[in-house]
There are 2 protein chains.
Amino acid sequence: MFDVFAKECPSRQVFAHVTGRWGALVMGRLSTDPHRFSEIRRSIEGISDRMLAQTLRDLVDDGLVVRIDSGTNPPHTVYHLTEQGAVVAEAVRALVETVQSTMPTLPAH
Amino acid sequence: MFDVFAKECPSRQVFAHVTGRWGALVMGRLSTDPHRFSEIRRSIEGISDRMLAQTLRDLVDDGLVVRIDSGTNPPHTVYHLTEQGAVVAEAVRALVETVQSTMPTLPAH
DNA sequence: CGGCATCCGAATGGATACTG
DNA sequence: CAGTATCCATTCGGATGCCG
């Protein structure tokens, strides 16, 4: 079956996108609600246009996120999770909360 | 409180290590059992000595992993999770399984 | 507003050789 | 065995400018 520890397994790429530097944060953000490009950009401190666009494209290609472009001018594009994306995002959100709640007991940085 | 979406929050660094390209796989591997350096290296296809050493050092510094060096020759070093690391690793393991079980319903790559 | 194209420095990361 | 050191290629990713 699928094994993220295997180099050529397709799940490895999806896992890499989901756990990537920005992927996890984007999934975590979308886990609660659909959001516009600029909303996501503002809510994730430090991400650039370029990286957000690239990250979203990867997730759309993976089938975890849907891009809805109204086609109007000015543009109005909304991103939301697919059914499968919602399941994955829920696991990401759990990880986010676990890390955050574990922080107080970790040695200071 | 701690917020992984905030740029300067310490939790952001820990989250980055845990969700990094190799960090997530290392945590996932250690989630079941303690392992030696070479065992981890073999079990994660594609990782190099250099990246494994660096990844483990980050996780040790974060307080999620403990390094036990027997000091003998030949060396015998075992890595295992701290109490907090076990909690985080469990969330990582859940994410790994979620991604793997979701794969069959995703568009092919 | 939501991108894409280009440039370019910084960081990532593999290969190899070496050590206790 | 468990790393470290060095070198080098690839990728990351910010800045800027442009477009509909």
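Numbered from 1 within each chain, the chains take letters A, B, ... in sequence-line order.
Applying the salt bridge (Lys or Arg N to Asp or Glu O under 4.0 Å) test to B/Arg67 and every residue at least two apart in sequence or in another chain returns B/Asp69. Partners of A/Ser11 according to the side-chain hydrogen bond (donor to acceptor under 3.5 Å, both in side chains) rule, which considers only residues two or more places apart in sequence or in another chain, do not exist here. With sequence neighbours excluded, the residues forming a salt bridge (Lys or Arg N to Asp or Glu O under 4.0 Å) with B/Asp49 are B/Arg41, listed by chain and number.
In terms of modelled atom types and a separation under 3.5 Å, the side chain of B/Glu45 and the main chain of A/Ala6 share no donor-acceptor contact.
For residues 72-99 of chain A, the salt bridge (charged side-chain N to carboxylate O under 4.0 Å, His left out) pairs, not counting sequence neighbours, are A/Glu90-A/Arg93, A/Arg93-A/Glu97. Legend: salt bridge (charged side-chain N to carboxylate O under 4.0 Å, His left out) pairs involving residues 8-33 of chain A, not counting sequence neighbours: none detected.
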Atom pairs under 3.5 Å: protein N/O with N/O of nucleotides 5-12 of chain D:
none

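The interatomic distance linking A/Asp58 (CG) with D/dG13 (P) rounds to 12 Å, in whole Å. Between the CG atom of A/Asp49 and the C1' atom of D/dA15 there is a distance of 11 Å, given to the nearest Å.
Within residues 28-48 of chain B, the residues that have a heavy atom under 4.0 Å from DNA chain D are, in order of number, B/Arg36, B/Phe37, B/Ser38. At a non-hydrogen distance threshold of 4.0 Å, A/Arg67 from residues 64-73 of chain A come into contact with DNA chain C.
Contact between B/Thr72 and B/Ser70 at its shortest, heavy atoms only, is OG1-OG, 2.9 Å. Heavy-atom minimum distance, B/Val65 versus B/Leu81: CG2-CD2, 4.1 Å. The two residues B/Val78 and B/Pro34 make their nearest non-hydrogen contact at CG1-CB, 3.9 Å.
B/Val66 shares a hydrophobic cluster with B/Ile68; the chain of contacts runs through ILVMFWY side chains whose heavy atoms sit under 4.5 Å apart. Other cluster members for A/Val87: none, since no ILVMFWY side-chain heavy atom sits under 4.5 Å from it.
At a threshold of 4.5 Å between non-hydrogen side-chain atoms, the residues A/Ile40 and A/Leu30 count as touching. Side-chain contact between A/Thr77 and A/Arg36: absent, with no pair of heavy atoms (C-beta onward) separated by less than 4.5 Å.
Of the residues near DNA chain D, B/Tyr79 and A/Pro74, the one whose nearest nucleotide (by heavy atom distance) lies more toward the 5' end is B/Tyr79.
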* Would B/Leu64 and A/Leu106 count as a side-chain contact (heavy atoms from CB on, under 4.5 Å) if you check the C-alpha gap in whole Å, the side-chain angles of each, and the deciding distance to 0.1 Å? -> CA-CA 8 Å; B/Leu64 299 174; A/Leu106 292 181; 4.1 Å; yes
### Task
Evaluate side-chain contact (heavy atoms from CB on, under 4.5 Å) for A/Leu56 paired with A/Phe37, printing each intermediate quantity in order.
CA-CA 9 Å; A/Leu56 285 168; A/Phe37 187 91; 3.9 Å; yes
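Nucleotides of DNA chain C with any atom under 4.0 Å from a heavy atom of chain A span, from 5' to 3', C/dC1 to C/dT6.
Remark on the helix from C/dC1-D/dG20 to C/dG20-D/dC1: inter-end axis angle 50°, axes from five-pair C1' superpositions, rounded to 10°.
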